[in-house]
Amino acid sequence: MAEYLDVIDENGNLTGEIVDRKVAHYEGIRHRAAHLWLVRNKDRKIQVLLQKRSSIKEAFPNCYDISCAGHVPAGEDFEITAIRGLKEELGIHVNKNDLIFCGDRNVVWDGEFKGKPFKDRQHSKVFMIWLDLEENEFVLDHKEVESVRWIDLEQCIECVKDNLFQHYIALEELQILSNALGL
């Protein structure tokens, strides 16, 4: 089943057009995504929850990624996408008031998956939620997420910077999160 996305201009504004997600990634058409970080304070350190992407994912299988992310479907807003994604991927129910806006990020990435070009052009709104649950308390959708793990934010930044584990996490986004946390 096709997934349709709103097309946006270089400033993140809706153009009134929609595009199939596969076409957007093949042709590099700008679209929207919601990124959501789960954070907690544990032993006086800020931790972030990473998800390990399922091995069957088209893009970046078996890589660590932010807590929850998703394309914003045509006609939907960022917050609803973030809330739905969290429920679907990790089994967590929240509402809009729980979301803390951290900042905006523009993604431009060109690569290849399974022998096909993949051009990602997205405008993401980055959110966080304070949530202190243990890893085994999440209900994972294993088509999307293989596992989750908490990691100290400082350690995560160093691991991403030094490429110490397979990931699809941008330093720029970790900086947006750090700034929102006042670090």
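Values in this document were obtained by computation on a predicted structure and should not be read as measured data.
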Item to check | Residue from Val39, Asp152, Ile66 passing side-chain contact (heavy atoms from CB on, under 4.5 Å) with Val48 | outcome: Val39
Next on the checklist: Does anything in residues 27-53 form a ring pair (Phe, Tyr, Trp, His ring centres under 6.0 Å)? List the pairs, not counting sequence neighbours.
Outcome noted: His25-His31, His31-His71
Next on the checklist: Looking at Glu134, is its backbone amide N or carbonyl O close enough to the side chain of Glu137 to form a donor-acceptor pair, meaning the two atoms are under 3.5 Å apart?
Outcome noted: yes
Checklist entry - Measuring from Cys102:SG to Gln175:CD, what's the distance to the nearest 0.5 Å? => result 12.0 Å
Item to check | Electrostatic pair Asp6:Arg32 at N-O distance under 4.0 angstrom | outcome: yes
Item to check | Those residues that, when tested against Ser147, pass side-chain contact (heavy atoms from CB on, under 4.5 Å) (two or more places apart) | outcome: Lys52
Checklist entry - Say you draw a straight line from NZ of Lys125 to CG of Asp77; how long is it, rounded to the nearest 0.5 Å? => result 10.5 Å
Checklist entry - Less than 4.0 Å between a side-chain N and a carboxylate O, is that true for Glu27 and Lys119? => result no
Item to check | Heavy-atom closest contact (Cys68 atom, Ala82 atom, distance) | outcome: SG-O, 4.5 Å
Item to check | Which residues share a side-chain contact (heavy atoms from CB on, under 4.5 Å) with Leu181, sequence neighbours left out | outcome: Ile46, Met128, Trp130, Leu153, Leu177, Leu183
Checklist entry - If Ile, Leu, Val, Met, Phe, Trp and Tyr residues are connected whenever their side-chain heavy atoms lie under 4.5 Å apart, and connections chain through other members, are Leu171 and Val126 in the same group? => result yes
Checklist entry - Is there a side chain to side chain contact (heavy atoms under 4.5 Å, CB included) between Lys143 and Ser54 once you walk through the steps? => result CA-CA 6 Å; Lys143 289 178 271 166; Ser54 166; 5.6 Å; no
Checklist entry - With a cutoff of under 4.5 Å between side-chain heavy atoms, which Ile, Leu, Val, Met, Phe, Trp and Tyr residues group with Val145? => result Leu36, Leu38, Leu49, Val72, Phe78, Ile83, Leu86, Leu90, Ile92, Val94, Leu99, Phe101, Phe127, Ile129, Leu131, Leu133, Phe138, Leu140, Val148, Trp150
Checklist outcome for this item: In short, Gly12 meets His123 closest at the heavy-atom pair CA-CG, 4.5 Å
Next on the checklist: Checking Val139 now: which residues fulfil side-chain contact (heavy atoms from CB on, under 4.5 Å) with it, not counting sequence neighbours?
Outcome noted: none
Checklist entry - Are Gln122 and Arg30 side-chain neighbours, meaning at least one heavy-atom pair lies under 4.5 Å? => result no
Next on the checklist: Please give me the minimum heavy-atom distance between Gly70 and Thr81, naming the atom from each residue.
Outcome noted: O-CG2, 3.8 Å
Checklist entry - What residues, two or more places apart in sequence or in another chain, satisfy side-chain contact (heavy atoms from CB on, under 4.5 Å) together with Asn97? => result Asn95
Checklist outcome for this item: Separation between CG (Leu50) and CZ (Arg149), nearest 0.5 Å, reads 6.0 Å
Next on the checklist: Is it the case that atom NZ in Lys45 sees more than 12 heavy atoms from other parts of the structure closer than 6.0 Å?
Outcome noted: no
Checklist entry - Other than Phe60, what residues sit in its cluster of Ile, Leu, Val, Met, Phe, Trp and Tyr side chains whose heavy atoms are under 4.5 Å apart, directly or through others? => result Val107, Trp109, Phe113, Phe118, Tyr168
Item to check | Smallest separation among heavy atoms of Glu89 and Ala69, with atom names | outcome: OE2-O, 3.3 Å
Next on the checklist: Run Tyr4 and Val19 through side chain to side chain contact (heavy atoms under 4.5 Å, CB included) and show every step you take.
Outcome noted: CA-CA 5 Å; Tyr4 290 95; Val19 65; 6.0 Å; no
Checklist entry - How long is the span from the CG atom in Asp141 to the CD atom in Gln51, to the nearest 0.5 Å? => result 10.0 Å
Next on the checklist: Suppose clustering is done on Ile, Leu, Val, Met, Phe, Trp and Tyr with side-chain heavy atoms closer than 4.5 Å. Which residues sit in the same group as Ile80?
Outcome noted: none
Next on the checklist: I'd like to know whether CD of Gln155 has more than 12 heavy-atom contacts from other residues, nucleotides or ligands below 6.0 angstrom.
Outcome noted: yes
Checklist entry - Looking at Lys116 and Glu112, does any basic side-chain N land under 4.0 Å from a carboxylate oxygen? => result no
Contacts under 3.5 angstrom, residues 156-165 side chains, donor-acceptor by atom type, not counting sequence neighbours:
from	atom 1	to	atom 2	distance (Å)
Asn163	OD1	His167	NE2	2.9

Next on the checklist: If the threshold is 4.0 Å, N to carboxylate O, is there a salt bridge linking Lys22 and Glu3?
Outcome noted: no
Checklist entry - Who else is in the cluster with Ile8 when I, L, V, M, F, W and Y are joined by side-chain contacts under 4.5 Å? => result Leu14
Next on the checklist: Using side-chain heavy atoms (C-beta onward) and a distance below 4.5 Å, is Leu174 in contact with Ile169?
Outcome noted: yes
Checklist entry - Under the side chain to side chain donor-acceptor pair (under 3.5 Å) test, which residues partner Asp132, sequence neighbours left out? => result Arg40
Next on the checklist: For a 4.5 angstrom cut-off between non-hydrogen side-chain atoms, does Cys63 reach Gln166?
Outcome noted: yes
Item to check | Donor-acceptor under 3.5 Å (Thr15 side chain, Asp9 main chain) | outcome: no
Checklist entry - side chain to side chain donor-acceptor pair (under 3.5 Å): which pairs involve residues 59-69, sequence neighbours left out? => result Arg53-Asp65
Checklist entry - Is it true that Glu144 and Lys57 make a salt bridge, defined as a side-chain N closer than 4.0 Å to a carboxylate O? => result yes
